Amino acid sequence: MARRGLMLTAATLAVMAGTPSAAQEAPSVTAAAATQPSARNEANQAVIVADPALAEGGVVVGTAGMDGLDVFSLAGERLLTVPAGEAVSVDVRHDVDLAGGNGTLLVTSDVATQTLRFWTIADGALTEVGAAGESLGYAVEGVCFARDPRDGALYVVGVGDGGEIDQRLVYADGEGGIATRPARRLALPSSLKFCVADDRTGDLYVAEEAVGLWRFPSDPEAEAIPELIDAVGLGRVTEELGGLALMDGGEGARHLIASDASSGQLFVYDREADHAFVGAVTPTGPQGEAIAEPGGLSAVGQALGGALSNGALVVTDEDAEGGANYKLIPVSTLLGAVDRPVGQPQPLTAAAPERMPAVTARIETAPVAGYGDAADDPAIWVNAANPAASLVIGTDKTGGLYLYDMQGQVVQHLTDGKMNNVDVRDGVSLGGEEIVLVAASNRTDKSIAMYRLDTEARRLVNIADGPQPTDQGDPYGMCLYQDAEGGTFVFINDSNGEKRQWRVVDAGNSRVRTERVRDFAFSSQVEGCVADDETGVLYVAEEDVGLWRLSAAPDGGMGMESVQAIADNPALKDDLEGVAIYDLGGGRGYIVVSSQGNDSYAVYRREGDQAYLGSFVVVADGPGGIDGISETDGLEVTSRNLGPGFEHGAMIAQDGRNLLPNARQNFKYVSWTDIARALDLEVRR
Ligand code: CA
Ligand code: CA
Ligand code: CA
Ligand code: CA
Ligand code: CA
């Protein structure tokens, strides 16, 4: 994928071209309630924790600096104060998987210790869950939860004074506490004070105080392209950006609110119209008193009592007369002032979006040496005598081949060239011996690289009788085929779609050569391929088009049939990449294809008309510490025993983003037992 830089939306450009500020015309919106002052006269951000079990429908939990957290009634009465270090930011999620069932979880940032602290809340009482943990190692300011719509995983994002965006996977630690693991680190150049995320859309918004308002995908496996929504100077923001809040009234009524702190205004953006600016309001207290610098914000769309029947926006007023406090502005008042629809009160927990069945990886390999998009394609050599000692061969397309063991450790690293795809076959005869042949497409010298796997020494040994030229400008996809007569063939294609078939021949000197036997072509780029040795069928993924089947025989001709076009299955999204076969025996089994564009894997029946059976995703495993798999290029599948955890085989797939924490790319091992359970498939017995 081409790397894109800063993305400016139509809305941003319109903002930048338009009048910079609407200072005079912002109508006043009056708060329905204000809280009592924080005891220490410090306030930075508060959230409403909706709770239908409470008479008022919820409580306000506000940060109180060195005092920790204040809990207020919705009428503003301070009910209790809980020590929480020096708390400056807070967020909440309902229906979180906690020890002892689902519950409501809060997170606060403690700037004294640079830690995140987690709390459960029931009947308005806060209980800290788990230890605060180690220092984050940066000056944390804002904190927000982000649930990944792709898999439901809960993340917490800390933003820092040095521009840090630190995303961590949150999980129940099994001992009643909450634990986190660093998932990814992003950075902006200057101080960040607040963030907010939408679990429905996967949008993460970050306020860079002196620069502007940014949006990123919250899915850590997605490419983090920042989108500028509004900016200081060039855009509408006067001087400094304050808090952010999302007001969700359902379809047609989804808004983003940002505090333009120095003008004392709140800006409203229409999230369903590319964040178009729809107006500004001037928030005031219940008696119409001005809020000099509206700070941290939050909003709920649940029905609360009285005037807050469509939810409320909580505005921090650090300079309130009598002491810093929080003001509650009805959503209906705020949106009415800018002529926007209020929508409907929202349920406490939004219905989970429909998701593909999910599995986790059991093992991940050490990262490859190459930076960027480097790892590409795996192959598996099964050690039938000692399955746990099987080996995985993986390519680094920036410079080599790896042999990994079943724990993902590097056994051998060969820097023989830019190896794109790799495949392996047992029982290839060479000089009267049966060898394990490993072939790879080498883009450095445009050749077919050929190795013998020395299974005793666990080493790849070059056996090419000199470089085996492909006569192609850019050799790319590659796979091996072994026919019923014992012939071994290499399929290799140019990045323009021209594919060639070569026969592997004994050169008579313990080395091998290749002889060209067939040329054919696809109309656009192909890469992933697999030959079914038993049925003589070659499957090829045409990246933007679909999956094809054709004869793998050297005299098989040019005829091909479509297994499935991308356009005919909404579960597929281009590019289609790696293809592999799960063998159930007797010609039965499954075909697995990487649907790279939506980070998923499609499964087809091997026999008959190759019916589509379903798709799955591979998601992060918090306790296990292995991230999910995204943007897979190559993959390999086997139904044979690969040792403990992989008794019924595995899918091994390249991962485009190696996280938990950020690292260079690698390969993940997924147990077929897990895939079979998720999609109700068979395992080989
Ligand atoms: Ca890639
Ligand atoms: Ca392969
Ligand atoms: Ca590709
Ligand atoms: Ca990953
Ligand atoms: Ca990882």
Side-chain angles (χ1 to χ4, degrees), residues 29-39 43-64 67-82 84 87 90-96 102-108 119-127 145 243 245-250 253 257 283-289 291 294 296-317 320 322-336 342-350:
V29 291
T30 307
T35 67
Q36 290 178 334
S38 118
N44 201 55
Q45 190 184 20
V47 289
I48 291 177
V49 180
D51 183 353
L54 296 175
E56 283 186 312
V59 291
V60 178
V61 178
T63 63
D67 271 0
L69 297 170
D70 284 330
V71 180
F72 304 98
S73 71
L74 290 184
E77 185 192 352
R78 195 167 71 232
L79 305 173
L80 62 138
T81 299
V82 180
V90 56
D91 200 5
V92 61
R93 282 297 184 276
H94 301 279
D95 213 18
V96 175
N102 285 15
T104 299
L105 187 70
L106 284 90
V107 62
T108 58
W119 314 79
T120 53
I121 185 166
D123 300 325
L126 287 164
T127 308
F145 280 123
L246 296 174
M247 295 204 311
D248 191 345
I257 314 295
T284 67
Q287 272 75 51
E289 66 273 29
I291 298 173
L297 305 176
S298 70
V300 293
Q302 285 90 37
L304 304 167
L308 309 180
S309 57
N310 279 84
L313 179 80
V314 186
V315 182
T316 305
D317 185 359
N325 70 0
Y326 299 101
K327 311 276 204 285
L328 274 54
I329 297 176
V331 165
S332 48
T333 304
L334 196 157
L335 290 178
V342 170
Q344 300 298 322
Q346 295 299 295
L348 196 60
T349 307

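The first residue of the sequence shown is numbered 1, and numbering continues consecutively from there. Everything numeric in this text was worked out from a predicted model, so none of it was measured.
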Please round to the nearest 0.5 Å and tell me the distance separating atom [atom1] of [X] and atom [atom2] of [Y].
X      : Y      : atom1 : atom2 : answer
Leu304 : Leu328 : CG    : CG    : 8.0 Å
Ser332 : Leu308 : OG    : CG    : 8.0 Å
Asp95  : Leu105 : CG    : CG    : 11.5 Å
Leu335 : Ile257 : CG    : CD1   : 6.5 Å
Asp317 : Glu289 : CG    : CD    : 8.0 Å
Ile121 : Thr104 : CD1   : OG1   : 7.5 Å

Hey, is the main chain of [Y] close enough, under 3.5 Å, to the side chain of [X] for a donor-acceptor pair?
X      : Y      : value
Gln346 : Gln344 : yes
Thr35  : Tyr326 : yes
Asp51  : Ala53  : yes
Gln302 : Val300 : no
Thr30  : Gly288 : no

Which atoms form the tightest heavy-atom contact between [X] and [Y], and what is the distance?
X      : Y      : answer
Ser73  : Glu56  : CB-OE1, 3.2 Å
His94  : Ala50  : CE1-O, 3.2 Å
Asn310 : Gly343 : ND2-O, 3.4 Å
Ser309 : Pro345 : O-CG, 3.6 Å
Val314 : Ala46  : CG1-CB, 3.8 Å
Asn325 : Pro37  : CB-CA, 4.1 Å

Does some side-chain heavy atom of Trp119 sit less than 4.5 Å from a side-chain heavy atom of Val61?
->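 The answer is no; the side chains never approach within 4.5 Å.
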Under 4.5 Å between any side-chain heavy atoms of Asp67 and Ser38, yes or no?
->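 Result no, sub-4.5 Å side-chain heavy-atom pair not found.
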Going through the checks in order, is the side chain to side chain contact (heavy atoms under 4.5 Å, CB included) test met by Leu69 and Thr63?
-> CA-CA 5 Å; Leu69 297 170; Thr63 63; 4.2 Å; yes
Check each of Val29, Ile329, Leu334 against Val315 using the side chain to side chain contact (heavy atoms under 4.5 Å, CB included) test, and report the only one that passes.
->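 It is Ile329; the other options fail the test.
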Pick out which of Val60, Asp70, Val71 makes a side chain to side chain contact (heavy atoms under 4.5 Å, CB included) with Arg78.
->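 That would be Asp70.
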Report the C-alpha separation of Val47 and Val49 in whole Å, then their side-chain angles, then the decisive distance to 0.1 Å, and conclude whether the side chain to side chain contact (heavy atoms under 4.5 Å, CB included) test is met.
-> CA-CA 6 Å; Val47 289; Val49 180; 4.2 Å; yes
